[in-house]
Amino acid sequence: GIVRASSLSMTATDAEATTKQRSPLDSAGWLSVLTLGWCSELLALGSRKVLQHEDLPDVPAMCVSRDVHDGFSQAFERLVGEYEQPERHARMIIAKAMLSAFGWRWYCAGALHVLASIFWVALPLLVGMLLSFVQDQQDVTVADPDPMRGWAIVAALFVSAVVSSLAINHKFYHQTILATQVRTAAMSAVYRKALKLSAASRNGSSTGQTVNLMSNDAHRLFEFTLLSWFLFMAPVIVLAVLMLLLSLLGVAALAGSMFMFLLVPIQGWMARRIGAARRTMLKST
């Protein structure tokens, strides 16, 4: 039932793909890619009416499920051959295969996140410099500051805002594509494995377990990939903001910081309870 329905669905999708228009990203220039202008036509259409399936263009060439699966499968098979007992290192092999197949986009998203974070931290510093410049102009006891310094601060504010906005939007764009590729690779691998299972192997697993692997578990990989860089960058950003607050407010900034750190164990406890509830629910489905 599942195999037949999935096969029919994939055949219908392939037939529809031949009649769809090509993705605008495949023919977009560098300026359109930089400003994400290639999707403006679709956004304008969505503002005028509710989008239907036939309004959507085909997916970009880099997101075709067959190519995504082939890239992951080749990396996975190569890594399996490097281990004498690959079943003992299954999680490590899968993680390395994903990184080998799609890692460049993950590193690109990380670099963009770092760039956006630097300019985020720079923005309040520049605002403070601008306020100090305005106060110096109004203070009669201080010599008139150089007007070019004010123009330079304003220009730096504009550049910081533009760069941080472009960096964070491109970061989410690349990481969303990466998360989709990871989920697609996981779903394809489970589906193809299900097709090759013998009758004896099928007795050890139910249809519901296979569906859970292709939906819930694959979606967990999507969520982790989408938010993975926050796991590394959040502590750095918190420390940077804490240092800024200490430099501006002094010891008084520690009061709010201590309250934030006290909430960490509570959040960890709640996350563990939610995880346990999800595992219990999966056993019943």
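The basis for the numbers below is simple: all heavy atoms, side chains too, and nothing from hydrogens, waters or symmetry mates. Fair warning: this is a prediction, and the values are worked out from it, not measured in the lab.
With D55 contributing its side chain and Q52 its backbone, the two residues share a donor-acceptor pair below 3.5 Å. Of the possible donor and acceptor atoms, one in the side chain of S47 sits under 3.5 Å from a partner among the backbone N and O of A44. Within the 3.5 Å criterion, the main-chain N or O of F119 finds no donor-acceptor partner in the side chain of S160. No donor-acceptor pair closer than 3.5 Å links the side chain of S32 to the backbone N or O of G29. Checked by atom type and distance alone, the side chain of T184 pairs as donor or acceptor with a backbone atom of T180 at under 3.5 Å.
Atom CD of E41 has 12 or fewer heavy atoms from other residues, nucleotides or ligands within 6.0 Å.
At a threshold of 4.5 Å between side-chain heavy atoms, the hydrophobic network of Ile, Leu, Val, Met, Phe, Trp and Tyr places L43 and L36 in two separate groups. There is a path of hydrophobic side-chain contacts, each under 4.5 Å, that joins L245 to I118. A single hydrophobic cluster is seen to contain both L221 and I94, as judged by linkage of ILVMFWY side chains at heavy-atom distances under 4.5 Å, directly or through other members. Cluster membership for M187 and V182, using ILVMFWY side-chain heavy atoms within less than 4.5 angstrom, is not shared. Residues V236 and V114 are members of separate hydrophobic clusters, defined by side-chain heavy-atom contacts under 4.5 angstrom among Ile, Leu, Val, Met, Phe, Trp and Tyr.
Scanning for ring-ring contact (aromatic ring centres under 6.0 Å, His included) contacts around Y83 gives H89, with sequence neighbours left out. Qualifying side chain to side chain donor-acceptor pair (under 3.5 Å) partners for Q175, counting only residues two or more places apart in sequence or in other chains: K171, S228. With sequence neighbours excluded, the residues that form a ring-ring contact (aromatic ring centres under 6.0 Å, His included) with F76 are F72. Residues forming a ring-ring contact (aromatic ring centres under 6.0 Å, His included) with W106 (at least two apart in sequence, or on another chain): W229. Residues passing the ring-ring contact (aromatic ring centres under 6.0 Å, His included) test with F222, sequence neighbours excluded: H219.
Listed here is the closest heavy atom pair of H170 and T35: NE2-N, 4.5 Å. Residues V121 and L125 approach most closely at O-CG, 3.7 Å, considering heavy atoms. Residues L115 and A167 come closest through the heavy atom pair CD2-CB, 4.2 Å. When every heavy atom of L34 is checked against every heavy atom of L166, the shortest pair comes out as O-CD2, 3.6 Å. In terms of heavy atoms, L123 sits closest to S164 at CD1-OG, 4.4 Å. Considering every non-hydrogen atom in both A185 and H69, the closest pair reads O-ND1, 4.5 Å.
Looking at heavy atoms from C-beta onward, M129 lies out of side-chain contact with F133 at the 4.5 angstrom threshold. Contact check for P24 versus P57: side-chain heavy atoms found under the 4.5 Å cut-off. Looking at heavy atoms from C-beta onward, D217 lies out of side-chain contact with V190 at the 4.5 angstrom threshold.
Once rounded to the nearest 0.5 Å, the distance linking CE of M98 with CG of L178 reads 9.5 Å. A distance of 10.5 Å separates CD1 of I177 from SG of C108, quoted to the nearest 0.5 Å. Atom CH2 of W38 and atom OG of S23 lie 6.0 Å apart (nearest 0.5 Å). Considering CG of L25 and CG of D58, their distance stands at 12.0 Å, rounded to 0.5 Å.
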Show the numbers, then the answer: is there a side chain to side chain contact (heavy atoms under 4.5 Å, CB included) between S100 and Q74?
-> CA-CA 10 Å; S100 176; Q74 292 172 6; over 6 Å; no
Derivation of the side chain to side chain contact (heavy atoms under 4.5 Å, CB included) call for Q181 and R105 = CA-CA 10 Å; Q181 290 175 329; R105 194 178 293 278; 3.9 Å; yes
For the pair E223 and L226, evaluate side chain to side chain contact (heavy atoms under 4.5 Å, CB included) and give the outcome as yes or no after the intermediate values.
-> CA-CA 5 Å; E223 291 179 335; L226 187 63; 5.7 Å; no
Do F172 and L112 pass the side chain to side chain contact (heavy atoms under 4.5 Å, CB included) test, and can you show the C-alpha distance, the side-chain angles, and the key distance before you say yes or no?
-> CA-CA 9 Å; F172 276 114; L112 290 170; over 6 Å; no
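A distance of 6.0 Å or more separates the ring centres of H113 and F232.
Residue I153 forms a side chain to side chain contact (heavy atoms under 4.5 Å, CB included) with just one option from V134, L130, V127, L131, and that option is L130.
Remark: the T225 side chain and the R183 side chain contain no N/O donor-acceptor pair separated by less than 3.5 Å.
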Determine all donor-acceptor pairs shorter than 3.5 Å in which one atom belongs to a side chain in residues 260-277; sequence neighbours excluded.
none

